[in-house]
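Just so you know, these numbers come straight off a predicted model, no measurement behind them. The figures that follow rest on heavy atoms only: side chains count, while hydrogens, waters and symmetry mates do not.
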Amino acid sequence: MAIAPVDLPRDEGVRVAIDRGGTFCDVWAFIPAHLYSPPIPLELLGNADVIAGDRTEDGVQVTFKLLSVDPANYDDAPSEGIRRLLQIVKKAEIPRGEVYDTSLIVRKRSSKTFSAGTTVATNALLEKKGEPFGLVLTQGFKDMIEIGDQTRPDLFDLSISGKVKMLYKPEDVVQAQERVTLEGWSLDQSAPSAEELIERAQVSGDEAVVMGVSGEAVRILKPLDTQKIEQDLQALYEKGLRAVAVCLLHSYTYPQHERQIGEIARRIGFTQVSLSSDLSPAIKVLPRGNSAVIDAYLSPILKAYVDGFNSHFSGKKAGKRSEFMKSDGGLVSSDKFSGLRAVLSGPAGGFVGSALTAFSPTRGRPVVGFDMGGTSTDVSRFSGDFELTFESVVAGVPIACPQLSIETVAAGGGSKLTYKNGMFVVGPESVGAHPGPACYRKGGDLAITDANLILGRLIPSQFPRIFGPNADEPLDIEASKSKFESLTQEINASRPDKAPYTVQEVAAGFIKVANEGMSRPMRQITEQRGFAMSSHDLCCFGGAGGQHACAIAAGLGIETVVVPRFSSILSAYGIACASLSAEAAMPLSAEVVDDFEASKTYNEASSRIDSLQKDVARQLQEQGVDRKDVEFTVTIAVQYDGADTVLQIPFKPSLKADFIEAHLRETSFSSNRKVLMSNIRVRGVGKTFNVTPSDYAAALDEAETAAAPQAVKPSTFNTAYFDTPAGVREFNTPVYILSQVPVGSQIRGPAIVVDSTQTIVVEPSARAIVLKEHVIIRLEEVKAAQEESQAELSTDPIMLAVMANRFMSIAEQMGHTLQRTSVSVSIKERLDFSCSIHGTDGALVANAPHIPVHLGSMQYAVQAQHNHWLGKLRPGDVLLTNHPQWGGTHLPDLTTVTPIFESGDDTKVLFYVASRGHHSDIGGTAVTSMNPIAKELWEEGVVIESFKLVSQGQFNEAGVRELFAKVAERPGCSATRRIDHNITDLQAAISANVRGIRLVHQLFEEFGTKTVLFYMKEIQVVARETIREFLRATYDKFGGQPLRASDYMDDGTEIKLEVRINREEGTAEFDWNGTGPQVMGNCNMPVALTYAAIIYCLRTMITEIPMPLNQGVLDPITNIVPLGSYINPTGVVAISGSTLASQRLVDVILQAFKAAACSQGCASSTGFGSGGKDASGKVTPGFSYGESLGGGSGAGPSWHGSSCVHVHCTNTKLTDTEIFEQRCPMLLLESAIRRGSGGRGRYNGGDGMSKLFEARMPLNFSIVSQRRVFHPRGLEGGEDGARGKNTVYRRNDSIGLGGEGYTEIGAGSNGIAKLGSGDRVRIETPGGGGWGLPVAV
């Protein structure tokens, strides 16, 4: 295929772009005609491809690959790539090891000559091979980074093995003696403006209140002790550290203290100083702190790499300039390349390449990028502008940094294929590069590559002879065939009553499951954000993508696949297409009003934008860009007041309307709340060179409308297999060599198109159009809904895996919608919610793993509504419930249930969807919904057995307000303080249910209603049979003996369990007889929680095989729970602490099965609030804030416990300290790990957490907790974990004692107290139990 003309002056130099990946290093270069003199000797050309231009004077493009790591031949792949390229240019051998003359890589008119993307930073982060550094944090927060957000990455991993390991040593942390906070708090319903707060301070002579950069008032509680910080930094320096990261609370708006520390550090001699306020001037201290940590950790390594790379060249530079790709898709000169900006350097190149080569401005169709590699697949979306995300998770670490929005799934050509539990399983394990797939001749396991080979979609003769022990043999199809035959026999033996599979059907089945897994993130970046999947084109690139693109596009309803010419090296080509970029940001906290252009905020923002643009222009000019060549993009971070969904909206007078429109599209939700801005970002791009292919729309139209498309003769034929509506069928498939296919030709499927680096599979229902710079594949028969069959359906393991994946994906997308559209901290930030799909009878089909305490319990809420409303519901109805006798967990967990009806029959329910979210205020006698003093249910707030929240599409807001208002009629009770929050969160739950309904209807359209409903039941069978096998294995392990355990609640109530297993039937009785009676207290547990604890524990103990979470898990279980007991109350006593108390159920079950020592057994639900009804009956406005705290997890037979994590029944996030202090009149003075609180043992229990709060105004405090009396038990000789402790500190002068200081008062396990201004509260959470006898040191 020919190159499009590029206007270049005759004296241009060579242009090089390189992508150094984990396995291969890809090289693209443009050699102008005056520097290219063919023919090039083959020994110099090597494996390079030379692509000539249309005209002689155009020059040529050169592409080739080499191994990223080959120490036997070279020390650095990119510099080796340049050496090989120079040999082509100079037509002479250039010995390795000498300094290379790159004077030919020079252009007089442009600043850009060599550019590269690299995984050096990413690999250093993953392999923990960065630079040792010091860390400066605000006093009291030395453990902030280690604690993180307290969540565990895998809900069902008792060992919590995926928790991120620290990049620094605890002894290298310095606590800066300084403290600032915000003046005023956003939950104050009559909050004064920042200007008013400043004016008040000035009038009173209070010089400690100043205006922050963000426009918020800041109070300096303690100026920085510069003398002490200099001593501490000097000590770090003398230890040999030369890098330091600095992150202080509220430095996004008050960066002065960080800058002072930075100046001191540089003066001492630190060569790498990473200030969080410079890297990410935005609220949220944890991601900002992680950004500083990663930058300090990686930047020295990256600088050393860049210096080492440049050392290979004369002038210490690869050409006139060396530039590197940043994570945001822009280039930066090598001397300004930093660790934080490099973590997604490689994938960013692929995104840019796919966007600029596959997006046609004329056609205007958004492009989904599909980059399928060996171990993972990256997907992206481009609609004409690059969308950046400013908070993301990299290697498990949340960071704040501008990055292109790229989703990754662990599925690639090397994904391992297994048959487990009656299901086809692809990945997440990879066979790796060594030994690789079975066909690599190194004894590897079956992988996706083997499946494509077996199906004839890969042509072995097109692959180099680089396989086998000596790397000199071709692909081994016989090895793949042999292993597939064995696997096919195993699968057929497991289903003797079904028609046997052929080898090809098994291989095609795995391809189908893999395609579904790779489609999942594509749906997330499109449908989940409100964009129709069918309106997109699919851009396929990466080594393995061409074999899957047609099938994936068909499954997603996409009609066009675009394969760019350089698809196999598109990251390198994308880097060539990229431009230099720079960015500057500044916080600005203000309201966006309707007439925004006439507002004071608009003028202030415009002034700041002007300043930021000058800064960005300066940065680019320093890198050689002319000011006139700089193009600016200005975006504003905008959100609803009190919400956490922040959207980046272009700065225009219509900012408010644009935000509301974008928010409605992405969340299906709008609000009458104030619209706020929080941050301004200016991005500048210096356009210096353009090699982007021309728009292919006209050429495509010409080729498709040609009267007689040119006939193309195939090079050969190959037997290939394709999945058709009639099943997997064999085709004598033509094979075409792409370089031999004339431009404008059309190739009808089935066909295989190959070139030196890729294989493109054209399915039978598709046709390929070959253009100069693209191959366009049109799917002529996009997969339509299957005809409903009256024949009896039979379980297909392939469809079972596909459906299980889709059901879980739907539940996850429902959760995403709920999180984005809610307004409360509990749901929005702490993620205290769950979403689920239920069958016709309400039985659980899929429950996304959000909050474990909801697993298994939500179905009882749905079934209660199903039975109550049977035959009475109509389309558009939505039900609301929270009552413990109706399947509720505790009253704050409000559950919305939506029925879905058969088309044409308004009385027949096909299935249900449900969403459950924790509301932090539902009224009652306490300051939050977690009521520590309640004795009876009515004291805890609104109680709802069943309420029709929506009736045939009409939201009953008046009824909701009346329900919540009635709470205030009870003695000593207040109504909710923020009914607007409750209503908004209920509307968010409705939106989540609507999202689930739409997605399930899409399944009906794709597979047929009968098929979908059939598999809703069949995946329950898989779960049931898995549990039966587990119970039989457990019976054998313990010799058939009953499993027994007991433990105690802090009030002395015993929780007692005996598990009796029937091996023959594969069933078990969980007998709770002997458990104490219900009590007049708040920790009684509804019976639904015993089911939740059982399903959670069983899932955690089944680790080797996939098991869907649904009603089938509980089918083999008989749960014997005495009525009127502590864990099956009668509906009269209080239960608000039940979700916390249910941790004891889990500890008891795991003790019985000897699976793990006891964890903290608590969640330390802490609440603060004001307002409500006082003793006289007067109601005043106020606020409420609640949070649960992590502690130590229990050790196990092969692992140490983790510290400061949520365990078992909950997994909510900590509210970021800056968000907490922005919203509440509180200070968090300390957040630390309780070192040594975990039980000692062969494996130690995890440590608990210590948090110290201070009230800044009179308010109420509440605590609901456990394990303050009884220790978390160790197992097998391990020591018990430390108990928790709750303490109130009264200021002496406030209680008549005089003098400074505090009086300590124990708060017990559960309690409520009034705090005066300056009073403090410390919460110390329990440690986890140890496992095994401690090993003597």
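- One finds no salt bridge joining K652 and E597 here, because no Lys/Arg side-chain nitrogen approaches an Asp/Glu carboxylate oxygen to under 4.0 Å.
- Defined by atom type and a distance below 3.5 Å, a donor-acceptor pair is present between the side-chain atoms of E216 and Q1222.
- At least one side-chain heavy atom of H919 sits under 4.5 Å from a side-chain heavy atom of L986.
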**Request:** Step by step, work out the salt bridge (Lys or Arg N to Asp or Glu O under 4.0 Å) result for E183 and R219.
**Result:** CA-CA 6 Å; E183 189 76 348; R219 176 171 289 278; 2.9 Å; yes
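- Ion pair K1251/E1230 not flagged as a salt bridge, since none of the NZ, NE, NH1 or NH2 atoms sits closer than 4.0 Å to an Asp/Glu carboxylate oxygen.
- Going from atom CG of L286 over to atom OG1 of T1215 covers 12.0 Å, rounded to the nearest 0.5 Å.
- A salt bridge links R608 to E604: one of the charged nitrogens lies within less than 4.0 Å of a carboxylate oxygen.
- The shortest non-hydrogen separation linking P287 to D1216 is CD-OD2, 3.9 Å.
- A donor-acceptor pair shorter than 3.5 Å can be found between the side chains of T138 and E178.
- Within the model, atoms CD1 of I147 and OG of S1231 stand 3.5 Å from one another, a figure rounded to the nearest 0.5 Å.
- The aromatic rings of H663 and Y640 sit perpendicular, their planes meeting at an angle over 60°, well past the 30° parallel limit.
- A salt bridge between E957 and R961 is present, with a side-chain N of the basic residue lying under 4.0 Å from a carboxylate O of the acidic one.
- Interatomic distance, CZ of F596 versus CE of M677, reported as 5.0 Å (0.5 Å rounding).
- Surrounding CD of E199 are at most 12 heavy atoms belonging to other residues, nucleotides or ligands under 6.0 Å away.
- With salt bridges taken as basic N to acidic carboxylate O contacts below 4.0 Å, none links R1291 and D1319.
- Expressed to the nearest 0.5 Å, how far OG of S291 lies from CG of L340 amounts to 5.0 Å.
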**Request:** Take D149 and T151 through the side-chain hydrogen bond (donor to acceptor under 3.5 Å, both in side chains) test and state the conclusion after the steps.
**Result:** CA-CA 6 Å; D149 65 8; T151 60; 2.7 Å; yes
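- In this structure, D328 does not pair ionically with R341, as no charged nitrogen and carboxylate oxygen lie closer than 4.0 Å.
- Evaluated for a side chain to side chain contact (heavy atoms under 4.5 Å, CB included) with T1212, the options E1187, Q150, H918 yield exactly one hit, Q150.
- Of all heavy-atom pairs between V616 and A582, the closest is CG1-O, 3.7 Å.
- Distance check: T633 OG1 to D385 CG gives 7.0 Å after rounding to the nearest 0.5 Å.
- R1322 and S1250 share a side-chain donor-acceptor pair at under 3.5 Å.
- The structure places CD of Q139 at 10.0 Å from CG of L1229, a figure rounded to the nearest 0.5 Å.
- Taking 4.5 Å as the limit, every side-chain heavy atom of V630 sits out of range of all side-chain heavy atoms of V685.
- Judged by distance alone, with hydrogens and angles left aside, the side-chain atoms of E258 form a donor-acceptor pair with the main-chain N or O of L248 at under 3.5 Å.
- Heavy atoms of other residues, nucleotides or ligands lying less than 6.0 angstrom from CD of E661 number 12 at most.
- Checked by atom type and distance alone, the side chain of N982 pairs as donor or acceptor with a backbone atom of D921 at under 3.5 Å.
- Between F1168 and Y1185, the ring planes are parallel. Angles under 30° get that label, and only those over 60° would be called perpendicular.
- We find that E1254 and R1320 are joined by a salt bridge, their nearest charged nitrogen and carboxylate oxygen being less than 4.0 Å apart.
- Inspection of the R288 and S251 side chains reveals an N or O donor paired with an N or O acceptor under 3.5 Å.
- Between L1259 and G1169, the shortest heavy-atom contact is CB-O, 3.3 Å.
- Minimum interatomic distance between I922 and P892 (heavy atoms only, all atoms of both residues): CD1-N, 3.7 Å.
- Side-chain atoms of S280 never come within 3.5 Å of backbone atoms of D278 as a donor-acceptor pair (strictly under, hydrogens ignored).
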